[in-house]
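One structure is given here, and the rest of the page talks about it.
Heavy-atom basis, side chains included; hydrogens, waters and symmetry copies ignored.
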Amino acid sequence: MSEYRIIGLMSGTSLDGLDIAFCKFQNKNGVWNYDIEVADTVEYDSNWKNNLIRANELSAEAFLLLHNSYGEYIGDEINKFIKKHDLKPDIIASHGHTIFHQPEKKFTFQIGNGASIFAKTNITTIYDFRTLDVALGGQGAPLVPIGDKLLFSDYNYCLNLGGFGNISFEEDNKQIAFDTCPCNMAINYMVNKIDLEMDRGGEIGSKGTINQSLLEQLNAIEYYSQPYPKSLGKEWFDNVFMPILESNNLTLADTLRTIYEHIAQQISKTINQKKGKVLVTGGGAFNSFLIDLLKEKSTSEIVLPSKNLINFKEALIFALLGLLRFLDKKNCLASVTGASSDCSGGIIHRV
């Protein structure tokens, strides 16, 4: 085929919803071109949010039932999306939703059974992109850097501000990527206490005062001094980051202001290594206070692309990962994850 039509799906740790993007790819003389033709975010209702938040507490049987039912839910949403926009995709590439991520124990798990998706849609479905890399000794994350390398090489850094702030760049002719620090996960955790979904535009945090003691405690977390490859997961946030926040009896505004400062400092440590352009995507790109802090602390140019790319870059890249797997090409880089070798990860279901 000269053109590939892929539906990419992503559900991030910040629980914003299920991102669905219909993307077209062409390879011309070894260079990949892309277009996000149409994309939607399906917001989770309270039932699905609770299911996903508490999935790690379930019995084995209940967990497998959720794995299948979430796959069926994804399949149903894809069918609605296809019908709504009158689409004819060749492939579905689904990241699923990460519940467990402990590569140091050799496991990671994204629920949303691809077999269930395929059964609902009857379209070639590719999923479970991380486990092969973990089996090869890698972090299983981040996976997006192969897309940064193939689609966004004009930028010196690609920064995604999602549940965690992850970054990708080239160093010594190798693609490097890692999670810099918690981002929306930490911010949302705090504002959820007053029944808000997010700190829109950084409005609450911008009114607070930096608490130096809390900032020093956060910056002293062992993870930040560890060499990459490295990655973060919800378990780490619950066991390491959250207890520090809870041990400091500060106002919400002061806690948030300190978290923002922490995020900006950790990210700027990387993007200030060399001057260039930083492509910023993910939900945090809409947080004007956080973006202003990054601009203030950065020697590089902070670039905010179109709203479509900010919202759906990860879904786009998982569409690309699925396409690379379908073509039996490498879609996971050992230089990024620390695995023993590059690999082509993903389980394929097709007729």
Side-chain angles (χ1 to χ4, degrees), residues 7-20 41-80 92-121 123 125-143 162-164 179 182 184-185 188-189 192 231-243 314-315 318 321-322 325 332 337 345-349:
I7 287 181
L9 299 109
M10 178 66 194
S11 177
T13 49
S14 52
L15 286 169
D16 296 330
L18 177 66
D19 292 336
I20 311 177
T41 296
V42 181
E43 292 186 10
Y44 293 125
D45 61 24
S46 58
N47 184 52
W48 271 115
K49 275 193 176 183
N50 288 334
N51 284 338
L52 295 174
I53 289 171
R54 296 172 181 167
N56 63 329
E57 303 169 3
L58 298 175
S59 68
E61 181 181 11
F63 184 80
L64 289 174
L65 286 170
L66 181 63
H67 179 46
N68 288 343
S69 62
Y70 184 60
E72 291 172 355
Y73 166 79
I74 291 173
D76 286 337
E77 292 302 329
I78 291 171
N79 284 336
K80 293 175 189 175
I92 294 166
S94 177
H95 170 266
H97 187 89
T98 299
I99 304 300
F100 298 106
H101 183 69
Q102 298 184 43
E104 71 282 0
K105 296 180 181 178
K106 290 290 184 77
F107 73 86
T108 184
F109 202 97
Q110 290 70 45
I111 65 167
N113 193 344
S116 302
I117 297 172
F118 174 75
K120 283 281 186 178
T121 63
I123 297 169
T125 298
I126 305 174
Y127 73 111
D128 193 14
F129 289 97
R130 300 185 187 274
T131 55
L132 177 56
D133 181 81
V134 171
L136 290 168
Q139 291 284 307
L143 296 185
F164 298 100
D179 291 327
N184 295 339
M185 181 176 283
N188 294 351
Y189 169 76
N192 288 169
S231 61
L232 296 171
K234 187 175 184 299
E235 297 98 323
W236 177 90
F237 178 81
D238 290 345
N239 295 327
V240 176
F241 201 89
M242 190 170 67
E314 287 193 299
F318 275 98
L321 289 175
R325 177 69 183 94
C332 191
T337 67
I347 296 171
I348 303 177
H349 290 305

Exercise for review: Give the C-alpha distance, both sets of side-chain angles, the deciding distance and a yes or no for side-chain contact (heavy atoms from CB on, under 4.5 Å) between Leu15 and His97.
Suggested key: CA-CA 9 Å; Leu15 286 169; His97 187 89; 3.4 Å; yes
Check your understanding: Distance from Leu65 atom CG to Ile111 atom CD1, nearest 0.5 Å?
Key -> 11.5 Å
Check your understanding: Quick check: are there more than 12 heavy atoms from other residues, nucleotides or ligands sitting under 6.0 Å from CD of Glu61?
Key -> no
Review point. Should Cys332 and Leu143 count as side-chain neighbours, where that means a heavy-atom distance under 4.5 Å?
Key: yes
**Study point:** Greater than 12 external heavy atoms within 6.0 Å of Glu43's CD
**Key:** no
Review point. Under 4.5 Å between any side-chain heavy atoms of Phe107 and Val134, yes or no?
Key: no
**Study point:** Atom pair CG (Asn192) and CD1 (Ile53), whose distance is rounded to the nearest 0.5 Å
**Key:** 7.5 Å
Review point. Got Gln110 and Tyr127 here, is their nearest side-chain heavy-atom distance under 4.5 Å?
Key: no
Practice item. Would you name the heavy atoms of Asp133 and Ala141 that are closest together and state the gap between them? Key: OD2-N, 4.5 Å
Point to revise | Heavy-atom closest contact (Gly345 atom, Leu132 atom, distance) | key: CA-CD2, 4.2 Å
Review point. Can you name the closest pair of heavy atoms from Ile74 and Gly112 and give their distance?
Key: CD1-CA, 4.3 Å
Review point. Out of curiosity, Met10 CE to Thr41 OG1, how far, rounded to the nearest 0.5 Å?
Key: 11.5 Å
Review point. Applying the side-chain contact (heavy atoms from CB on, under 4.5 Å) test to Leu9, which of Asp19, Val42, Ile92 qualifies?
Key: Ile92
Review point. Nearest 0.5 Å, what's the CD1-CG distance between Ile348 and Asp128?
Key: 12.0 Å
Review point. Any side-chain hydrogen bond (donor to acceptor under 3.5 Å, both in side chains) pairs touching residues 44-55, not counting sequence neighbours?
Key: Ser11-Tyr44, Tyr44-Tyr70, Lys49-Glu197
Exercise for review: Kindly give the heavy-atom pair with the smallest separation between His349 and Phe118, and that separation in Å.
Suggested key: O-CD1, 3.7 Å
Check your understanding: Looking at Ile99 and Asn56, what are the two nearest heavy atoms and their distance?
Key -> CG2-N, 3.7 Å
Revision key, fill the gap. In this structure, CG of Asp238 is separated from OH of Tyr189 (nearest 0.5 Å) by 8.5 Å
Exercise for review: Output the distance between atom CD1 (Ile78) and atom OG1 (Thr121), rounded to the nearest 0.5 Å.
Suggested key: 6.0 Å
Review point. Got a sec, which residues hit salt bridge (Lys or Arg N to Asp or Glu O under 4.0 Å) with Lys106, two or more places apart in sequence or on another chain?
Key: none
Review point. Quick one: side-chain contact (heavy atoms from CB on, under 4.5 Å) partners of Asn68, sequence neighbours excluded?
Key: Asn113, Ser116
Check your understanding: Is a side-chain N or O of Glu235 found less than 3.5 angstrom from the main chain of His101, in a donor-acceptor match?
Key -> yes
**Study point:** Donor on one side chain, acceptor on other, Asp179 and Ser231, under 3.5 Å
**Key:** no
Review point. Aromatic rings Trp236 and Phe241: how do their planes relate, parallel, tilted or perpendicular, breaks at 30° and 60°?
Key: tilted
Check your understanding: Any idea which heavy atoms bring Phe164 and Pro182 closest together, and the distance?
Key -> CD2-CA, 3.6 Å
